Amino acid sequence: MTRTTHPAVGPIVDALLTEVKAVLGKKLIGCYLYGSSVWGDFDWEISDLDLMAALSGDINERELLLLEKMHADFAGEHRQWDDRIEVQYISLDALKTFKWKVSTMAVISPGEPLHMVPANSDWLMNWYFVQEYGITLMGPCPETLIDPISQEEFIAAVREHALSWYEHVEATRNSRPYQSYAILTMCRALYTLRFKEQVSKRRAAAWAQAELPEYSWLIAQALKWREDYRNGDVVDEATYPITAEFVHCMVAKIRGISGDGNTQEARDRQ
């Protein structure tokens with residue numbers, strides 16, 4: 001896949017990187033852009049910016065406070081990006097040992113302030129995206145920093161994550177945007193497990209609409225809900241039952257996928 005970004009992303013990423021450098025100095029070893037701005041389905045109005053900052057060591061309390069202030073000031077100066085930036089500040093050691101050791105890292109993400117979280121195998125999919133598709137903003141190639149992640153490990157993580165949505169979908173009850181995220185995430189998970197490759201959510205949604213005609217309308221609605229996330233005049237719980245039904249249906253399909261990527265239904269049609 002060609003590594004490109006939305007043409008308007010560069011200036012805002014450069015501005016953010018300048019601020020990060022000012023806080024962390026030589027401790028910042030590398031910074032990498034990934035996510036929808038690299039995948040090609042970036043929406044200037046609603047998409048988030050996803051970055052990983054590789055550090056020579058763990059974030060200390062002083063740095064955490066400085067980064068917290070920096071992000072708050074940055075959001076104030078760039079209102080359009082308030083609550084639309086995700087950065088993981090992770091040490092080189094954690095990137096090399098996350099599969100078998102739990103470290104800590106600082107994360108800011110939409111809906112959450114800057115805080116410390118475990119840096120463990122739960123982040124394998126993120127690091128795979130950085131390893132395979134990340135754009136280097138500064139520093140060495142990400143492949144040299146991350147403990148190598150195989151396609152098989154990535155596929156297994158996608159499957160495990162998708163299956164966890166059977167219960168986690170309950171968390172979307174009071175948020176239609178989160179319901180949209182769940183629906184599109186499940187579409188992409190099914191595509192990934194079927195074809196052993198990762199594509200954008202928009203492309204996976206288009207495929208899923210043809211693959212699952214009975215839910216084509218719902219997937220189309222999820223794309224609209226994603227764009228209409230600022231609309232407060234909706235009854236979030238009204239769309240939860242069909243969202244949960246879809247997620248549970250997708251989990252069942254994913255459980256039935258065999259090693260060749262086909263579901264039992266697909267095998268029955270052959």
Side-chain angles (χ1 to χ4, degrees), residues 1 4-6 8-9 34-50 80 83-84 86 109-111 125 129 133 158-159 161-257 261-266 268-269:
M1 176 180 175
T4 59
T5 64
H6 186 285
V9 165
Y34 67 106
S36 60
S37 62
V38 176
W39 279 111
D41 65 346
F42 185 81
D43 188 314
W44 180 254
E45 296 296 326
I46 63 173
S47 295
D48 301 328
L49 284 177
D50 300 282
Q80 184 177 7
D83 208 32
R84 290 178 57 197
E86 177 165 342
S109 59
M125 290 188 295
F129 298 155
Y133 310 108
V158 170
R159 177 183 172 82
H161 178 70
L163 295 180
S164 73
W165 274 97
Y166 189 89
E167 295 182 353
H168 186 66
V169 67
E170 172 66 28
T172 74
R173 181 182 294 275
N174 298 313
S175 172
R176 195 175 72 169
Y178 201 19
Q179 292 166 24
S180 169
Y181 177 83
I183 292 167
L184 298 178
T185 293
M186 296 305 288
C187 289
R188 186 157 73 169
L190 185 63
Y191 183 99
T192 299
L193 293 167
R194 283 283 299 275
F195 299 106
K196 302 295 188 284
E197 67 170 339
Q198 184 81 353
V199 296
S200 70
K201 286 181 181 175
R202 199 172 285 277
R203 180 178 165 188
W207 169 81
Q209 285 182 281
E211 182 75 7
L212 307 166
E214 69 274 26
Y215 285 114
S216 178
W217 66 273
L218 178 62
I219 297 168
Q221 286 300 306
L223 290 168
K224 292 180 180 178
W225 298 345
R226 180 173 179 264
E227 297 174 356
D228 195 35
Y229 75 99
R230 293 189 181 92
N231 186 356
D233 298 324
V234 297
V235 181
D236 300 290
E237 288 192 3
T239 50
Y240 172 74
I242 188 61
T243 297
E245 176 189 313
F246 177 79
V247 168
H248 291 162
C249 174
M250 295 291 273
V251 166
K253 289 180 179 297
I254 287 169
R255 283 176 175 157
I257 289 178
N262 286 319
T263 62
Q264 184 60 53
E265 294 170 274
D268 290 343
R269 292 197 297 266

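Keep in mind that the numbers below use all heavy atoms, side chains included, and drop hydrogens, waters and symmetry copies. None of the values given here were measured: they were computed from a predicted structure.
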**Q.** Parallel, tilted or perpendicular: ring planes of F246 versus Y215, cut at 30 and 60 degrees
**A.** perpendicular
Q: Determine the interplanar angle of the F129 and Y133 rings, folded into 0 to 90°, and report it as parallel if under 30°, tilted if 30 to 60°, perpendicular if over 60°.
A: tilted
(Q) Taking side chain to side chain contact (heavy atoms under 4.5 Å, CB included) as the definition, give me every residue that meets it alongside E237, ordered by chain and number, with sequence neighbours left out. (A) R173, N174
Side-chain touch [X]/[Y], heavy atoms, less than 4.5 angstrom:
X: T172; Y: W165; answer: yes
X: R202; Y: R226; answer: yes
X: V247; Y: H168; answer: no
X: W225; Y: T239; answer: yes
X: L223; Y: I183; answer: no
X: L49; Y: R84; answer: no

Q. Just wondering, more than 12 heavy atoms not from E167 lying within 6.0 Å of its CD?
A. no
From [X] atom [atom1] to [Y] atom [atom2], the distance as rounded to the nearest 0.5 Å:
X: L218; Y: E245; atom1: CG; atom2: CD; result: 8.5 Å
X: K253; Y: L193; atom1: NZ; atom2: CG; result: 13.5 Å
X: E86; Y: Y34; atom1: CD; atom2: OH; result: 5.0 Å
X: I46; Y: S180; atom1: CD1; atom2: OG; result: 8.0 Å
X: T185; Y: Y178; atom1: OG1; atom2: OH; result: 8.5 Å
X: D48; Y: D83; atom1: CG; atom2: CG; result: 8.0 Å

[X] versus [Y], closest heavy-atom pair with distance:
X: S36; Y: D50; value: N-OD2, 4.3 Å
X: I254; Y: A162; value: CD1-CB, 3.6 Å
X: V169; Y: A244; value: CG2-CA, 3.9 Å
X: D236; Y: R176; value: OD1-N, 2.9 Å
X: Y240; Y: E170; value: OH-OE1, 3.1 Å

Q: Run the numbers on I242 and Q179 for side chain to side chain contact (heavy atoms under 4.5 Å, CB included), then give the verdict.
A: CA-CA 10 Å; I242 188 61; Q179 292 166 24; over 6 Å; no
Q.
Set out, in order, the CA-CA distance, both residues' side-chain angles and the distance that settles side chain to side chain contact (heavy atoms under 4.5 Å, CB included) for R188 and V158, then state yes or no.
A. CA-CA 9 Å; R188 186 157 73 169; V158 170; over 6 Å; no
Q: Output, in order, the C-alpha distance, side-chain angles, deciding distance and verdict of side chain to side chain contact (heavy atoms under 4.5 Å, CB included) for Y191 and R203.
A: CA-CA 9 Å; Y191 183 99; R203 180 178 165 188; 3.3 Å; yes
